[in-house]
There are 2 protein chains.
Amino acid sequence: MLEKLAEKMAGEIVLSESPGRTIRKWRETFKVSQKELAKELGVSPSTICDYEHERRESPGIKTISRIVNSIINIDRKRGGDVLKKYTIGVESDAIIQIREFPIGIPLTDFKDVLGAKNVSPCSLQRDIHGYTIVDSVKAILSLNATDYLKIYGWSTERALIFTDVRYGRSPMVAIRVHPLKPACVVLHAPKELDPLAIKIAELENIPLLVTKMNLNDLIKKLEEL
Amino acid sequence: MLEKLAEKMAGEIVLSESPGRTIRKWRETFKVSQKELAKELGVSPSTICDYEHERRESPGIKTISRIVNSIINIDRKRGGDVLKKYTIGVESDAIIQIREFPIGIPLTDFKDVLGAKNVSPCSLQRDIHGYTIVDSVKAILSLNATDYLKIYGWSTERALIFTDVRYGRSPMVAIRVHPLKPACVVLHAPKELDPLAIKIAELENIPLLVTKMNLNDLIKKLEEL
DNA sequence: GAACATCTTCGGCATTTTTTGAAAAAGTTT
DNA sequence: AAACTTTTTCAAAAAATGCCGAAGATGTTC
């Protein structure tokens with residue numbers, strides 16, 4: 001989530017008609033003075049001013065990267081007040097990871113990477129555009145209906161990976177009652193598998209995969225995708 | 001939507017551990033050769049290669065901006081095949097505009113800008129972080145449950161502005177049955193106002209505003225926010 | 001309005017970028 | 001394996017960035 005904000009800031013600056021003004025906009029949004037920012041960056045305040053006034057027409061990306069990170073960092077040191085405004089609601093630790101793929105990848109490839117098995121009678125003939133890894137127990141405890149938005153990154157054409165699964169029933173029930181349906185559900189190392197979970201998968205026509213891969217390996221493998 | 005993709009590309013490149021590899025990732029995602037990209041940019045292919053190999057540690061943002069725009073442009077000239085993959089689902093014209101504010105703004109300010117009236121008994125003591133303008137008739141015809149995600153940009157702390165409104169009943173019913181609730185609903189120039197709409201607003205405790213401002217003016221005013 | 005902090009402007013210099021073109025390397029097709 | 005396209009490497013020269021520090025302008029607070 002935070003990563004996305006940083007990317008948004010950087011992207012906006014780069015593509016802006018007036019990069020300097022955009023830098024300023026963000027600095028002011030975070031209520032950081034030039035002096036403060038300069039100190040964090042280890043440069044003199046006049047340098048910041050020069051950037052904001054576009055004395056350099058095309059600052060290097062390292063400079064932009066440092067500026068963005070410094071602004072965020074200053075806010076963090078202060079307690080992250082502005083940051084919190086962007087991380088909708090509470091920064092729940094129920095969501096372990098959210099990722100988007102640059103382009104759709106075939107679900108079958110995704111399955112193979114996970115070393116997973118399709119336990120539902122649903123076809124894997126489709127592409128997904130990202131995945132979300134959710135701690136199923138924490139999710140039930142901490143996520144309210146609105147927070148589900150977070151589970152879906154950009155599109156619903158994504159896989160939902162549930163970890164810490166008992167029987168796989170509650171994750172599927174949650175999906176059943178919610179209007180936003182993922183393209184695929186992955187249960188990570190369930191103790192047992194509730195037939196009802198499979199039934200729901202069938203009803204909703206959402207492929208249900210099961211993997212027993214170690215969680216860290218799984219995350220690593222996915223990151224390589 | 002397209003703007004966001006460009007921003008994402010630029011932001012990713014700037015903040016990447018390896019900007020060169022990220023440039024390459026995007027070039028390849030769009031299936032553009034170095035030569036082709038070089039031609040579009042008006043530089044020699046070796047230049048592109050040098051960037052991808054980070055011969056320059058911190059290229060200027062103008063360079064990045066040109067690269068991102070060129071890649072997208074090439075795809076566009078070809079028919080926008082890759083671009084389409086990013087505009088999740090159909091580029092519905094039901095959504096007229098989506099915007100995020102850098103920071104929350106008081107709902108009362110928002111109301112004043114619209115020259116709107118609060119027809120519900122709900123308090124305006126809250127901030128919103130963005131708004132979505134939706135053509136209510138087209139929305140009913142073309143948006144399915146999953147597409148509602150699009151209506152909500154980043155957060156649900158936003159105003160939903162419905163245009164082309166008859167009585168304001170169906171927009172409110174849609175909100176009633178959906179788990180994601182906006183912070184405020186604005187009806188644009190309804191012919192009449194159904195009491196049920198107000199009742200739902202009250203039940204859900206969502207302020208219901210009505211404005212008669214001309215749509216173009218309204219969009220313009222909002223853009224100035 | 002004096003004292004203060006914040007911001008703006010700019011000369012100047014070391015360091016980098018930007019870019020080319022040519023030649024070599026790597027990958028594809030036939 | 002020849003013919004082809006695409007990618008890699010690199011020296012060199014002009015241009016631009018990155019940065020400082022001092023002096024002036026602008027705003028704020030007491």
Side-chain angles (χ1 to χ4, degrees), chain A residues 9-71 73-75 77-78 81-82 102, chain B residues 9-10 12-71 73-75 77-78 82 102:
Chain A
M9 290 168 69
E12 234 184 49
I13 293 167
V14 170
L15 297 177
S16 171
E17 281 287 303
S18 167
R21 246 184 290 163
T22 308
I23 291 173
R24 163 159 284 187
K25 179 189 106 179
W26 284 109
R27 178 174 63 76
E28 286 177 343
T29 294
F30 279 83
K31 296 197 170 51
V32 173
S33 74
Q34 289 185 349
K35 199 180 165 190
E36 206 176 356
L37 179 55
K39 200 177 161 197
E40 177 78 23
L41 276 162
V43 301
S44 78
S46 65
T47 307
I48 307 295
C49 193
D50 283 344
Y51 283 121
E52 292 187 356
H53 286 261
E54 285 157 42
R55 190 153 179 238
R56 292 306 162 271
E57 279 197 350
S58 176
I61 59 174
K62 275 238 171 104
T63 306
I64 302 303
S65 173
R66 282 168 55 214
I67 289 175
V68 167
N69 283 315
S70 295
I71 290 176
N73 228 28
I74 289 170
D75 189 69
K77 283 182 192 165
R78 286 176 180 166
D81 280 357
V82 182
Chain B
M9 289 168 69
E12 234 184 50
I13 293 168
V14 169
L15 296 177
S16 171
E17 281 288 301
S18 168
R21 246 183 291 162
T22 308
I23 292 173
R24 162 158 287 187
K25 178 189 107 178
W26 285 108
R27 178 174 62 77
E28 286 177 342
T29 294
F30 279 82
K31 296 195 170 54
V32 173
S33 74
Q34 289 184 350
K35 200 180 164 190
E36 205 175 358
L37 179 55
K39 201 178 161 196
E40 177 78 23
L41 276 162
V43 300
S44 77
S46 63
T47 307
I48 306 296
C49 191
D50 283 345
Y51 283 120
E52 292 186 356
H53 286 260
E54 285 156 42
R55 188 151 180 240
R56 235 67 78 247
E57 280 200 349
S58 176
I61 59 173
K62 277 241 169 99
T63 308
I64 303 303
S65 174
R66 282 168 56 212
I67 289 175
V68 167
N69 284 316
S70 296
I71 290 176
N73 228 30
I74 290 170
D75 189 68
K77 283 182 191 165
R78 286 177 181 164
V82 181

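Please read all numbers here as calculations on a predicted model, not as lab measurements. Letters A, B, ... mirror the listed sequences (proteins, then strands); counts begin at 1.
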Taking all non-hydrogen atoms of both residues into account, name the closest pair between V14(A) and S65(B) and its distance.
O-CB, 3.7 Å

Nearest-nucleotide wise, let me know which of P59(A) and E52(B) is further upstream toward the 5' end of DNA chain D.
E52(B)

Boundaries of the chain B footprint along DNA chain D (any atom under 4.0 Å from a heavy atom):
dT6(D) to dA11(D)

Between the side chains of E40(B) and R66(B), is the shortest nitrogen-to-carboxylate-oxygen separation below 4.0 Å, so that they form an ion pair?
no

Salt bridge or not between E52(A) and R27(A)? Use side-chain N to carboxylate O under 4.0 Å.
yes

Heavy atoms only: give me the nearest A38(B)-S44(B) pair and the separation to one decimal.
CB-C, 3.7 Å

Under 4.0 Å, heavy atom to any atom of DNA chain C: which of residues 64-71 of chain A qualify?
none

Rounded to whole Å, the NE2-C1' distance (H53(A) to dC10(C)) equals 13 Å

Heavy-atom closest pair (R78(A) atom, F30(A) atom, distance to 0.1 Å) is NH1-O, 3.0 Å

Calculate the interatomic distance between L41(B) atom CG and dT17(C) atom P; express it in whole Å.
18 Å

So what does S33(B) hit on the nucleic acid, given a heavy-atom distance under 4.0 Å: a base, only sugar-phosphate, or nothing?
sugar-phosphate

Given that K35(B) and R55(B) both sit by DNA chain D, which one's nearest nucleotide is further toward the 5' end?
K35(B)

Please check: side-chain N/O of T22(B) versus main-chain N/O of S16(B), any donor-acceptor pairing under 3.5 Å?
no

I want to check one thing: is the phosphate of dT18(C), taken as OP1 and OP2, less than 4.0 Å away from some side-chain N or O of Y51(B)?
yes

Output yes when at least one side-chain N/O atom of T47(B) is less than 4.0 Å from OP1 or OP2 of dT20(C), else no.
yes

Distance in angstrom units between Q34(A) CD and dT8(C) C1', rounded:
8 Å

For T63(B) and dT18(C), is the shortest distance between a side-chain N/O and OP1 or OP2 below 4.0 Å?
yes

What integer distance in Å separates K31(A):NZ from dA5(C):P?
22 Å

To the nearest angstrom, the CD-P distance between E54(A) and dC7(C) comes to 17 Å

dT6(C) P sits how many Å from E36(A) CD, rounded?
9 Å

Using only atom types and a distance under 3.5 Å, with no angle test, would you say the side chain of S70(B) pairs donor to acceptor with the backbone of L37(B)?
no

Would you classify S46(B) as touching base, sugar-phosphate or nothing, given that sugar-phosphate means primed atoms plus P, OP1 and OP2, and contacts are heavy atoms under 4.0 Å?
base

Of all residues at least two apart in sequence or in a different chain, which pass the salt bridge (Lys or Arg N to Asp or Glu O under 4.0 Å) check with E57(A)?
K62(B)

Over how many whole Å does the gap from D50(A) atom CG to dT6(C) atom P extend?
18 Å

Q34(B) (side chain) donor-acceptor with I48(B) (main chain) under 3.5 angstrom:
no

